[in-house]
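One structure is given here, and the rest of the page talks about it.
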Amino acid sequence: MKIAVVGGGFMGMALSFKLAGPGKELSLFERNAQWGGLATYHDYEDFDWDRFYHVILPQDRDLLGILHDIGLKDELRWKQTLTGYYVNKRTYSISSTKEFLLFPPLDPISKFRLALTILRGSRIDDWSELEDKTVEEWLVKMGGRSTFEKFWKPLLLAKLGENYKRVSAVFIWTYIKRLFAARDSSAKKEQMGYVAGGYKTVFDRLESELIKKGVSLHNNTSVEHIRPAENGGMYLTANGEEQYFDKVIFTSPSSVLEQVADESIVSIKGDHRKVEYLGVVCLVLRTTRELTPYYVVNISDAKIPFTGVIGMTALVDRQYTAGQHLTYFPKYIINTDPMLRQSDEELKEAFLEGVKSMYPDLKDEEIIGLHLNRAFKVQPLQVLHYDQIRPRTKTLHEDFYLLNTSQFINDTLNNDSVARHVNRFMAEFAHEFAVKETSSTLA
């Protein structure tokens with residue numbers, strides 16, 4: 001059976017690993033030179049690490065399962081981490097129950113209601129009930145106006161600007177649901193993890209495992225057209241060459257699908273142009289000393305040009321970063337925002353000014369390197385009734401399959417969500433890719 005998987009991000013690679021086996025000729029196509037998509041790594045001159053920040057949580061069962069399957073169980077590293085909250089030009093630790101209770105900006109009643117909001121939110125399973133409520137409406141109902149104004153609103157403004165007013169409660173629920181479980185119930189400490197060497201280790205291992213399984217890898221290869229064959233199967237054109245496959249699985253974005261798929265094999269109802277996306281600009285700083293002891297610092301100061309501080313080496317051992325300290329400064333914005341199209345020099349200057357505002361004792365000679373990464377489509381903006389306005393994509397051919405992030409309605413975009421959708425796909429369709437045994441294979 002000849003199978004093509006289009007898209008060499010984590011989803012496409014993990015799916016190919018699950019599908020590959022005896023009797024199958026599987027080909028994986030990726031338009032970029034480097035595997036991994038949004039989860040890929042970056043050359044930071046002295047070492048390689050993730051282009052954007054990633055973390056593994058103890059409850060990431062699907063992701064951990066795939067890492068175990070490709071032999072990286074022993075490469076997992078775990079550590080208790082700290083969380084900070086920057087307000088009024090000061091960073092407060094809220095890493096323990098005691099610190100949370102002592103958090104000065106909130107009065108005791110507000111702290112209690114905030115804790116109740118997080119607890120209740122983490123226990124909600126039916127996300128659809130939140131689709132018709134704005135994030136402000138839901139948070140005020142759950143925790144009160146004072147808690148919203150002092151804690152949640154500054155964070156929402158920092159992350160979304162005034163767009164937060166159009167966002168449904170699903171947006172904040174997905175974050176509460178995922179991150180609340182990072183706390184160890186007995187120690188009340190955050191447990192977070194990573195793979196030694198970062199996602200470069202993951203993609204290098206996936207690549208080697210796919211080669212072992214006989215998968216044909218095609219990076220730097222653009223898929224230009226997919227059409228049905230007369231008697232079943234599909235024709236796929238890549239870099240000007242047409243090939244036949246018994247089945248094709250498409251994991252790239254729906255906007256690409258619309259450009260390359262023959263209209264007879266897929267139905268797309270709705271206009272993907274109506275869907276607004278969050279993009280990200282992320283400054284990555286390499287320094288000779290630690291800037292923050294916190295893995296995450298939430299920022300409630302609208303004057304700071306980024307929306308958070310990620311102290312990567314507060315989690316990751318510096319043996320993987322050439323002894324240097326690595327800190328990420330992300331800014332999430334609507335992908336039509338002019339900031340995403342500013343020059344690297346302009347953005348570095350503005351972000352570095354914000355860094356020095358938060359860390360005024362940082363000296364220029366302590367900065368080893370500055371790197372700027374950006375992505376235009378990180379995830380859809382979950383506005384009110386998003387599930388009703390998102391384009392509906394349906395395959396119309398029994399040999400054409402779709403698995404991409406457009407199906408993430410109630411998930412944050414993280415690699416555990418990706419792994420979960422891969423596993424669901426396999427549970428639903430694996431039998432359609434089963435190779436029938438012949439008399440020769442039984443002999």
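None of the values given here were measured: they were computed from a predicted structure.
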Are any side-chain N or O atoms of Arg31 and backbone N or O atoms of Ser222, one a donor and one an acceptor, separated by less than 3.5 Å?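 Answer holds: no.
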
Are the side chain of Asn414 and the backbone of Ser417 linked by a donor-acceptor contact shorter than 3.5 Å?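 Indeed, once roles are kept as given, a pair shorter than 3.5 Å links the two residues.
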
In terms of relative ring orientation, are Phe10 and Phe203 parallel, tilted or perpendicular, with 30° and 60° separating the classes? perpendicular

Within this structure, what is the [atom1]-[atom2] distance for the pair [X] and [Y], rounded to the nearest 0.5 Å?
X	Y	atom1	atom2	result
Thr40	Gln34	OG1	CD	3.5 Å
Leu396	Ile265	CG	CD1	8.5 Å
Leu28	Glu30	CG	CD	7.5 Å
Ser357	Leu362	OG	CG	12.0 Å
Thr81	Tyr295	OG1	OH	8.0 Å

Check for me whether the distance between the ring centres of [X] and [Y] falls short of 6.0 Å.
X	Y	answer
Tyr164	Phe171	no
Tyr92	Tyr85	no
Phe429	Tyr401	yes

For [Y], is the NZ or CZ atom of [X] found under 6.0 angstrom from the centre of its six-membered ring and inside 45 degrees of the ring axis?
X	Y	result
Lys247	Phe400	no
Lys153	Phe148	no
Lys213	Phe17	yes

Please tell me whether [X] and [Y] have a donor and an acceptor in their side chains that are separated by less than 3.5 angstrom.
X	Y	value
Asp50	Tyr328	no
Gln324	Tyr44	no
Asn163	Arg166	yes

Is it true that, when you exclude [X] itself, more than 12 heavy atoms of the residues, nucleotides or ligands shown sit nearer than 6.0 Å to its [atom1]?
X	atom1	answer
Glu349	CD	no
Phe112	CZ	no
Asp361	CG	yes

Is the shortest distance from a Lys or Arg side-chain nitrogen in [X] or [Y] to a carboxylate oxygen in the other one below 4.0 Å?
X	Y	result
Asp317	Lys79	no
Arg420	Asp416	yes
Arg145	Glu149	yes
Lys133	Glu137	no

Would you say [X] and [Y] make side-chain contact, with heavy atoms under 4.5 Å?
X	Y	value
Val6	Thr251	no
Leu64	Leu76	yes
Phe329	Val284	no
Asp69	Lys18	yes
Tyr320	Phe47	no
Ile334	Tyr277	no
Phe151	Ser110	no
Tyr194	Val55	no

Could you check Lys141 against Glu136 for salt bridge (charged side-chain N to carboxylate O under 4.0 Å, His left out), going step by step and ending with a plain yes or no? CA-CA 8 Å; Lys141 180 181 179 181; Glu136 179 175 358; over 6 Å; no

With sequence neighbours left out, what residues match Lys165 under salt bridge (Lys or Arg N to Asp or Glu O under 4.0 Å)?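 If we apply the salt bridge (Lys or Arg N to Asp or Glu O under 4.0 Å) test to Lys165, skipping adjacent residues, the hits are Glu162.
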
Residue pairs fulfilling salt bridge (Lys or Arg N to Asp or Glu O under 4.0 Å) with at least one residue in residues 336-345, sequence neighbours excluded: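 As it turns out, the salt bridge (Lys or Arg N to Asp or Glu O under 4.0 Å) pairs with a partner in residues 336-345, which skip direct neighbours, are Asp344-Arg374.
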
Could you walk me through whether Leu67 and Arg205 pass the side-chain contact (heavy atoms from CB on, under 4.5 Å) check? CA-CA 9 Å; Leu67 295 178; Arg205 178 61 61 86; over 6 Å; no

Donor-acceptor contacts, no H, no angles, side chain residues 364-372, under 3.5 Å, sequence neighbours left out:
{"from": "Asp364", "atom 1": "OD1", "to": "Lys356", "atom 2": "NZ", "distance (Å)": "2.4"}
{"from": "Glu366", "atom 1": "OE1", "to": "Arg289", "atom 2": "NE", "distance (Å)": "3.0"}
{"from": "Glu366", "atom 1": "OE1", "to": "Lys363", "atom 2": "N", "distance (Å)": "2.9"}
{"from": "Glu366", "atom 1": "OE2", "to": "Arg289", "atom 2": "NE", "distance (Å)": "3.0"}
{"from": "His371", "atom 1": "NE2", "to": "Arg286", "atom 2": "NE", "distance (Å)": "3.0"}

